[in-house]
Asker: 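If you scroll down you'll find the structure; I have some questions about it.
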Amino acid sequence: MKLIIQMPCYNEGATLKIALDALPKQIEGIDTIEYLVINDGSTDTTVDMAKEWGVNYIVSFRRNRGLAKGFMAGLDACLRNGADIIVNTDADNQYEGADIAKLVQPILDGKTDIVVGARPIDEIEDFSLLKKKLQHFGSWVVRKASATDIPDAPSGFRAYSREAAMRLNVTNEYTYTLETIVQAGRTKIAMESVPIRTNRELRPSKLMKSMAGYIKKSMFTIGHVFMLYKPLQFFAVIGSVIFLFGVAVGIRFLNFYVHGLGSGHIQSLILAAVLLLLGFQTIIVGLLADVIASSRKILEDVQYHVRRMDYDGVCVQTNNGQAGKEDVNIETGEYIK
């Protein structure tokens, strides 16, 4: 059983060694533990620090492409190098490295395919009261959208089985955390949560540059993913609301018409017709989107089988015959020694 622990990094030279030092060197039930750093266009000492520490793999982008792209590139490299379990953690040492053993245990036991670490949000001193409330609210929205019971949706401390990793897709460029939960929930991938510990903040969050921006992007991501996986429900709700408004306006006009005042409210008749037509068209769009979604499910299944053929038995080797200590340039597909 091989575990690869991956860390997405963007200018993490100041904290990377602290985070790497906290990672476990052995876990019961795991035969091999390897470490992978995703260099997302860093311009500081991140890569040098990773090489000096001795990570097994470094995936490099020429420029910053965002957390979501880095996460997927890391999964690809882990799968190509034979990972049975993949753990994703942050390079700012936010999560307690020793809790990786808790993350992987449900997968080792064969109970689930994805494990999300649940932080004690209310006990984190670095979080303001507003941030704590927003974290709880955001997680509640994700639970509703994904039909899951994951209590800490934004948590990036996660473990994936090889099967689950091969089925994941991330379409947005902001973050993978919310989309992968909604995707897993809607595609019935087994998923659960375990309580984990956190460390004091070493630097401000790079993902949450402002509270308003974070909320806006998170809600857009949730809505986008829900629309992808439940398009009929998404458009039917919107279309039904518009249609009912049209019905209400139409009833209002009929009331005036019955009392002989219809000629003075012809605008209501026009508005009712527009709303009824718009609502009906929105529902039709939902039906068409549902048909497209069915095709997407087939394509995802084909992609999964292609990935299985691609990753099965593939392990990157260095010139001396041993895996590791390479730079992987995802943009060119080349492994740079």
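When a residue number appears, it is its place in the shown sequence, counting from 1.
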Asker: Please confirm whether the backbone N or O of Ala190 pairs with a side-chain atom of Thr112, one donor and one acceptor, at under 3.5 Å?
Answerer: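 Pair found, side chain donor or acceptor close to backbone of Ala190.
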
Asker: Considering residues at least two apart in sequence or located in another chain, which fulfil the side chain to side chain donor-acceptor pair (under 3.5 Å) criterion with Thr148?
Answerer: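 Applying side chain to side chain donor-acceptor pair (under 3.5 Å) to Thr148 gives Ser146.
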
Asker: For residues 138-145, run the donor-acceptor check on the side chains, cut-off 3.5 Å, and write out each pair with its distance to 0.1 Å, sequence neighbours left out.
Answerer:
| unit_1 | atom_1 | unit_2 | atom_2 | d |
| --- | --- | --- | --- | --- |
| Ser139 | OG | Gln135 | O | 3.0 |
| Ser139 | OG | Pro151 | O | 3.3 |
| Ser139 | OG | Ala153 | N | 3.1 |
| Arg143 | NH1 | Ile150 | O | 3.3 |

Asker: Assess whether side chain to side chain donor-acceptor pair (under 3.5 Å) is satisfied between Asp48 and Thr45, documenting all intermediate values.
Answerer: CA-CA 5 Å; Asp48 293 334; Thr45 60; over 6 Å; no

Asker: If only atom types and distance count, is the side chain of Asp40 paired as donor or acceptor with the main-chain N or O of Tyr10 below 3.5 Å?
Answerer: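 Not confirmed, Asp40 side chain does not pair with Tyr10 backbone.
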
Asker: Any ring pair (Phe, Tyr, Trp, His ring centres under 6.0 Å) involving residues 64-123? Give me the pairs, sequence neighbours left out, ordered by first then second residue.
Answerer: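 Passing the test, one end in residues 64-123: Phe71-Tyr160, Phe71-Tyr176, Tyr95-Phe157.
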
Asker: When Asp152 is tested against each of Arg119, Lys132, Arg158 for salt bridge (charged side-chain N to carboxylate O under 4.0 Å, His left out), which residue passes?
Answerer: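 Passing option: Arg119.
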
Asker: Which donor-acceptor pairs under 3.5 Å do side chains of residues 99-109 form with protein atoms, sequence neighbours excluded?
Answerer:
| unit_1 | atom_1 | unit_2 | atom_2 | d |
| --- | --- | --- | --- | --- |
| Asp99 | OD1 | Arg197 | NE | 3.2 |
| Asp99 | OD1 | Arg197 | NH2 | 2.8 |
| Asp99 | OD2 | Arg197 | N | 2.7 |
| Asp99 | OD2 | Arg197 | NE | 3.2 |
| Lys102 | NZ | Pro195 | O | 2.7 |
| Gln105 | NE2 | Asp109 | OD1 | 2.9 |

Asker: Could you pull out the closest heavy-atom pair between Gly246 and Leu276, with the gap in Å?
Answerer: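 Between these two residues, the closest heavy atoms are C-CD2, 3.9 Å.
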
Asker: In terms of side-chain heavy atoms, does Thr180 have a donor or acceptor partner in Gln183 at a distance below 3.5 Å?
Answerer: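 Short answer, no.
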
Asker: Is a side-chain donor or acceptor of Lys25 paired with a backbone partner of Leu23 at a separation under 3.5 angstrom?
Answerer: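 Judged by distance alone, yes, a pair lies under 3.5 Å.
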
Asker: Test: side chain to side chain donor-acceptor pair (under 3.5 Å). Region: residues 279-292. Which pairs qualify, not counting sequence neighbours?
Answerer: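 Listed by first then second residue: nothing to list.
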
Asker: Would you find a donor on one side and an acceptor on the other, under 3.5 Å apart, between the side chain of Arg65 and the backbone of Gly70?
Answerer: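 Absent.
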
Asker: Can you name the closest pair of heavy atoms from Asn88 and Gln6 and give their distance?
Answerer: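 Answer, listing the atom of Asn88 first, then Gln6: OD1-NE2, 2.7 Å.
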
Asker: Inspect the contact between Arg307 and Asp76 and indicate whether a charged nitrogen and a carboxylate oxygen are less than 4.0 angstrom apart.
Answerer: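 The answer is no: the pair does not qualify as a salt bridge.
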
Asker: Can you list every ring pair (Phe, Tyr, Trp, His ring centres under 6.0 Å) pair that touches residues 13-45, not counting sequence neighbours?
Answerer: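 As it turns out, the ring pair (Phe, Tyr, Trp, His ring centres under 6.0 Å) pairs with a partner in residues 13-45, which skip direct neighbours, are Tyr35-Trp53.
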
Asker: What is the minimum heavy-atom distance between Cys78 and Ile86, and which atoms define it?
Answerer: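 Cys78 and Ile86 have their closest heavy atoms at CB-CD1, 3.5 Å.
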
